[in-house]
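Taking it in order: structure first as structure tokens, then the write-up.
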Number of protein chains: 2
Amino acid sequence: MNDVAGGQSLLYLTDEQLRKGIEAMFFAYRGFTADPDRILEDKSYGRAHHRAVHFIHRSPGTTVNNLLSILGVTKQSLNRVLRTLIEDGLVESRVGKEDKRERHLYLTETGAALERELSDAQRERMRAAYRAAGPQAVAGFRQVLEAMMDVEMRRHYEALKDKTT
Amino acid sequence: MNDVAGGQSLLYLTDEQLRKGIEAMFFAYRGFTADPDRILEDKSYGRAHHRAVHFIHRSPGTTVNNLLSILGVTKQSLNRVLRTLIEDGLVESRVGKEDKRERHLYLTETGAALERELSDAQRERMRAAYRAAGPQAVAGFRQVLEAMMDVEMRRHYEALKDKTT
DNA sequence: AAGATACGTCAGCCTTGTTGACATTCCAAG
DNA sequence: CTTGGAATGTCAACAAGGCTGACGTATCTT
């Protein structure tokens with residue numbers, strides 16, 4: 001018993017194992033956000049600002065609407081964050097050339113500097129985890145995460161995946 | 001080049017790969033919380049209630065202080081959540097037998113029912129992801145997550161890990 | 001008897017999510 | 001060409017859930 005077509009054990013699908021995965025996800029996510037959060041604290045920004053800056057960096061010139069669907073918040077919520085970033089000179093908003101209703105978003109030098117500081121910190125933790133776990137584990141890590149996403153999120157993820165930056 | 005002691009490629013540690021991991025983590029976490037969030041919405045509870053209920057279920061009789069250090073929030077914040085759960089009859093708070101200053105927390109039948117509903121939903125998504133990725137991937141997934149945790153969070157994680165429930 | 005610990009609570013603040021209402025801009029149908 | 005609907009963005013107000021600070025009350029511990 002406990003065997004499958006391929007002769008693989010199904011023990012990894014027990015409620016017990018799933019629960020461990022759930023708790024691992026919970027505790028790990030705390031670590032995942034800890035370093036950026038610490039940096040942002042000093043600058044009176046929050047996690048929402050981090051997310052905005054990250055995705056603007058990833059897709060320079062993106063529109064507000066696109067950002068909205070990536071972040072999955074209301075435009076009013078995003079707008080507040082965006083406004084402070086623009087006021088503080090981290091983000092530049094340019095009226096669309098073709099469609100003047102659209103705003104295209106870009107990081108300024110200052111904005112790019114913050115992005116770098118945040119992603120350096122976050123990448124550092126990630127790198128340590130990757131190194132500790134090894135390449136095989138990392139491949140599995142990514143596979144499970146991808147399978148966990150909602151369809152629309154996976155769409156966004158895939159779209160960004162192969163961007164050269 | 002690109003070889004290590006063990007002859008392994010280091011390509012999985014490039015900034016590019018790390019960035020993909022970071023984005024995967026972000027998008028996946030959304031999926032991870034999506035189903036419970038939907039259920040909670042109807043009941044006018046939030047993610048904070050879910051967390052409390054989850055860990056009380058995992059460690060029946062746990063004290064407020066212990067819960068505090070697992071959740072990493074202030075007692076005022078936890079108290080607000082706990083109060084509504086107690087008022088609504090989902091959680092029972094018993095004065096400690098040995099140390100009467102302590103309150104030991106238990107789920108009532110109603111509380112356990114909610115916990116089951118939430119964890120069923122969350123487990124279902126996890127199970128689908130696990131099944132899609134396979135046992136090897138799942139092992140890697142767990143390894144990377146564990147390596148990503150802060151020391152104290154790992155302590156809590158390990159403590160819960162082998163509880164039979 | 002004094003100090004430390006566990007818990008609860010009040011008050012007030014911040015971030016970040018939400019709706020609702022409204023202005024502007026664009027586009028397409030009449 | 002105009003006009004109405006769709007897309008986009010802004011302002012206002014509210015709620016959840018973090019936070020700090022201050023305080024009160026039991027209960028241990030020394």
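Just so it is clear: chains get the letters A, B, ... in the order the sequence lines come, proteins before strands, and each one is counted from 1.
In this structure B:R80 satisfies the salt bridge (Lys or Arg N to Asp or Glu O under 4.0 Å) test with no other residue, sequence neighbours excluded. Shown here are the salt bridge (Lys or Arg N to Asp or Glu O under 4.0 Å) partners of A:R127, two or more places apart in sequence or in another chain: A:E124, B:D15. Every side-chain contact (heavy atoms from CB on, under 4.5 Å) that A:K161 has, sequence neighbours left out, goes to A:R142, A:E146, A:Y157, A:E158, B:K20. Judged as a salt bridge (Lys or Arg N to Asp or Glu O under 4.0 Å), and not counting sequence neighbours, A:R51 has no contacts. Among residues two or more places apart in sequence or in another chain, the salt bridge (Lys or Arg N to Asp or Glu O under 4.0 Å) test is passed with A:R83 by none. Taking the ring pair (Phe, Tyr, Trp, His ring centres under 6.0 Å) definition, one finds that A:Y45 meets it with A:H49, sequence neighbours left out.
Each end of the helix from C:dA1-D:dT30 to C:dG30-D:dC1 yields a helix axis from five base pairs, and these two axes differ in direction by 10° (to the nearest 10 degrees).
Near DNA chain D, defined here as any heavy-atom distance below 4.0 Å, the residues from residues 62-80 of chain B are B:G72, B:V73, B:T74, B:Q76, B:S77, B:R80, listed numerically. Sorted by residue number, the members of residues 91-100 of chain B with any non-hydrogen atom under 4.0 Å from DNA chain D read B:E98, B:D99, B:K100. Contact check of residues 34-42 of chain A against DNA chain C (heavy atom, cut-off under 4.0 Å) returns no residues at all.
At whole-Å resolution of the value, CD in A:E102 and P in C:dC26 are 10 Å apart. Between B:L82 atom CG and C:dA6 atom C1' there is a gap of 14 Å when expressed in whole angstrom units. For the pair B:R101 CZ and D:dT29 C1', the interatomic distance rounds to 8 Å; values are reported in whole Å. Note: CG (A:L85) to P (C:dT16) measures 10 Å, nearest angstrom. Between the P atom of C:dC7 and the CZ atom of B:R83 lies a distance of 16 Å, rounded to the nearest Å. The interatomic distance linking A:Y45 (OH) with D:dC19 (P) rounds to 22 Å, in whole Å.
Nearest nucleotide to the B:R51 side chain, out of D:dG18, C:dC10, D:dT27: D:dG18.
Geometric assessment of B:R154 against the ring of A:F27 yields a negative cation-pi assignment under the 6.0 Å and 45° thresholds.
Among the heavy atoms of the strands lying under 4.0 Å from A:H49 are primed sugar atoms or P, OP1, OP2 only; no base atom is included.
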Which donor-acceptor pairs under 3.5 Å do the side chains of residues 63-75 of chain B make with protein atoms, sequence neighbours left out?
{"residue": "B:T63", "atom": "OG1", "partner": "B:N66", "partner atom": "N", "Å": "3.2"}
{"residue": "B:N66", "atom": "ND2", "partner": "B:T62", "partner atom": "OG1", "Å": "2.7"}
{"residue": "B:S69", "atom": "OG", "partner": "B:N66", "partner atom": "O", "Å": "3.3"}
{"residue": "B:S69", "atom": "OG", "partner": "B:H156", "partner atom": "NE2", "Å": "3.1"}
{"residue": "B:T74", "atom": "OG1", "partner": "B:S77", "partner atom": "N", "Å": "3.3"}

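Each side-chain hydrogen bond (donor to acceptor under 3.5 Å, both in side chains) pair with one or both residues in residues 26-42 of chain A, not counting sequence neighbours, appears once here: A:T33-A:R47, A:D35-A:R38, A:D35-A:R125, A:D37-A:R47.
Atom CZ of A:F32 and atom CE of B:M25 lie 6.0 Å apart (nearest 0.5 Å). Rounded to the nearest 0.5 Å, atoms CD (B:E117) and NE2 (B:H50) are 10.5 Å apart.
Put simply, the side chain of B:T84 gets close to the backbone of B:V81: a donor and an acceptor are under 3.5 Å apart.
Side-chain contact, A:E92 with A:H104: no donor N or O sits under 3.5 Å from an acceptor N or O.
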